[in-house]
Amino acid sequence: MYRNIPELLNAAEQIAGLTLGELAHQHHIAIPGSLRREKGWIGQLLELALGATAGSKPQQDFPELGVELKTLPLANNDLPLESTFVCSAPLLNQQTITWNTSNVHHKLSTVLWIPIIGDRTQNIASRVIGTPWLWQPSAAQEQILRQDWEDIMELIALGKVESVSARHGEALQLRPKAANGQSLTPAIGIDGTIIQTRPRGFYLRSSFTRKLLQAQFQL
DNA sequence: GGCTGATCATAG
DNA sequence: CTATGATCAGCC
C-alpha cells in the first residue's frame, strides 16, 4: 500500500486534525458510547484508516516498512493518559532470546505514534487525532529499554515471575495481560518446575512516552 | 490523581 | 490457549 515510510507518515498527517467521529464516519464505522467493552476500538479505527494489515498477525502493522502503529491517548494538556502495551512476555523457553532478538526490541524499532486527544470524560466522537510522528529509539532510550527488559527477563528465567510487579523497570514494565483473572499460562516456578500464572505483557510507562512527546514537540 | 493489577472484544 | 487492539477500576 505504501512504497516507503514517508508515504505512510504523509497519510497519517492527512488525517491529523480530524475528530474520531469524522474519521469513523468516513469509514462507515459506528462509534461506541464507551470504550469499556471495546478498548481497542480507536487503534483498530486508525489501522483501518491507514490501511494496516487487519487481523491478529503477530508482527508489525506495516511489515513491508518495518513500522509499528501505536495510538497514544492524551489529555487536553497533552500528557499521556495511559501506558502503552508493547507485546506479551515470553514466560517459558525464553533462554535463547536476547534483547536484539526480542519482540520488544522488534516492535519498538520504528513506531508511528498517533496522539488521540481527549480524556475519559470526553465523548469518543469528539476526540481529535493529533500530529503523528515517527520514532526510533535513541541510543540512550534503547539502553534504558534494554536494561529494563534484561532485568525483567532474568527474573522470569529465575522463576520469579510472580514477584515481578509493575513497579519494576524505569521505562518498561511487566503487567498482567489477559482476558481475566482466570487466564493461566505456564511459566518457570521458583524451583525450576512449571507453574501456572497469569499471562504478562510488556508496557511502556506513560512517563516514558511523555518524554518522547516532549522531545518531539518541544513541549 | 497516579499507578498497578484486572479486564474487554475479536480472530485463529 | 495466543495473538491483535488497549482502557478500566479501585487502591494507595
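All chains are named by letter (A, B, ...) in the order of the sequence lines, taking the proteins before the strands, and each is independently numbered beginning at 1. Model, not experiment: these values are computed from the prediction.
The backbone N or O of A:Leu23 sits nowhere less than 3.5 Å from a side-chain atom of A:Gln26 that would complete a donor-acceptor pair. In this structure a side-chain-to-backbone donor-acceptor pair under 3.5 Å is missing from A:Gln136 to A:Thr110.
For B:dT4, the OP1/OP2 oxygens have a side-chain nitrogen or oxygen of A:Arg205 closer than 4.0 Å. For the pair A:Ser206 and B:dG2, the criterion of a side-chain N or O lying under 4.0 Å from OP1 or OP2 is not met. OP1 and OP2 of B:dG5 both lie 4.0 Å or more from every side-chain N or O belonging to A:Arg200.
Among residues two or more places apart in sequence or in another chain, the salt bridge (Lys or Arg N to Asp or Glu O under 4.0 Å) test is passed with A:Glu150 by A:Arg146. Residues passing the salt bridge (Lys or Arg N to Asp or Glu O under 4.0 Å) test with A:Glu38, sequence neighbours excluded: none. Remark: A:Glu64 engages A:Phe62 in a side-chain contact (heavy atoms from CB on, under 4.5 Å) (not counting sequence neighbours). Legend: residues meeting side-chain contact (heavy atoms from CB on, under 4.5 Å) with A:Asp148, ordered by chain and number and at least two apart, are A:Ile144, A:Glu170, A:Ala171, A:Leu172. Applying the side-chain contact (heavy atoms from CB on, under 4.5 Å) rule to A:Arg210 yields the partners A:Leu79, A:Pro80, A:Ser207, A:Gln214; only residues at least two apart in sequence or on another chain are considered.
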**Request:** Report the C-alpha separation of A:His106 and A:Gln59 in whole Å, then their side-chain angles, then the decisive distance to 0.1 Å, and conclude whether the side-chain hydrogen bond (donor to acceptor under 3.5 Å, both in side chains) test is met.
**Result:** CA-CA 9 Å; A:His106 193 229; A:Gln59 280 315 316; 3.0 Å; yes
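Contacts with DNA chain B (heavy atom under 4.0 Å) in residues 208-217 of chain A: none are found. Contacts of residues 106-120 of chain A with DNA chain C (heavy atom under 4.0 Å): A:Lys107, A:Arg120. Taking every heavy atom of residues 145-157 of chain A and every atom of DNA chain B, no pair lies under 4.0 Å. Of all the residues in residues 75-92 of chain A, A:Glu82, A:Ser83, A:Phe85, A:Ser88 reach under 4.0 Å from DNA chain C with at least one non-hydrogen atom. Interface residues of residues 16-34 of chain A facing DNA chain B, ordered by number: none; criterion, heavy-atom separation under 4.0 Å. Contacts between residues 161-182 of chain A and DNA chain C, counted as heavy-atom distances below 4.0 Å, involve A:Arg175, A:Lys177.
Between the CD atom of A:Glu38 and the P atom of B:dC8 there is a distance of 13 Å, given to the nearest Å.
Base contact: A:Gly40 has a heavy atom under 4.0 Å from a base atom.
Under the 4.0 Å criterion applied to side-chain N and carboxylate O atoms, A:Lys70 and A:Glu68 are assigned as salt-bridge partners.
Within the model, atoms CG of A:Leu50 and CG of A:Asp61 stand 9.5 Å from one another, a figure rounded to the nearest 0.5 Å. To the nearest 0.5 angstrom, A:Ser126 atom OG is 9.5 Å from A:Ile31 atom CD1.
Annotation: A:Lys160, atom NZ; neighbour count of heavy atoms from other residues, nucleotides and ligands within 6.0 Å does not exceed 12.
When all heavy atoms of A:Gln122 and A:Asn76 are compared, the pair lying nearest together is OE1-ND2, 3.6 Å.
With hydrogens and angles left out, the side-chain atoms of A:Glu13 and A:Thr131 include no donor and acceptor closer than 3.5 Å. Between the side chains of A:Thr101 and A:Thr98, a donor-acceptor pair is found at a separation under 3.5 Å.
Listed nucleotides C:dC1, C:dT4, C:dA6 differ in distance to A:Thr185; the shortest reach to its side chain belongs to C:dC1. Distance from the side chain of A:Tyr203 is smallest for C:dT7 among the nucleotides C:dT7, B:dC8, C:dG5.
Counting Ile, Leu, Val, Met, Phe, Trp and Tyr side chains that sit under 4.5 Å apart, directly or through other members, A:Ile188 shares a hydrophobic cluster with A:Leu92, A:Ile194.
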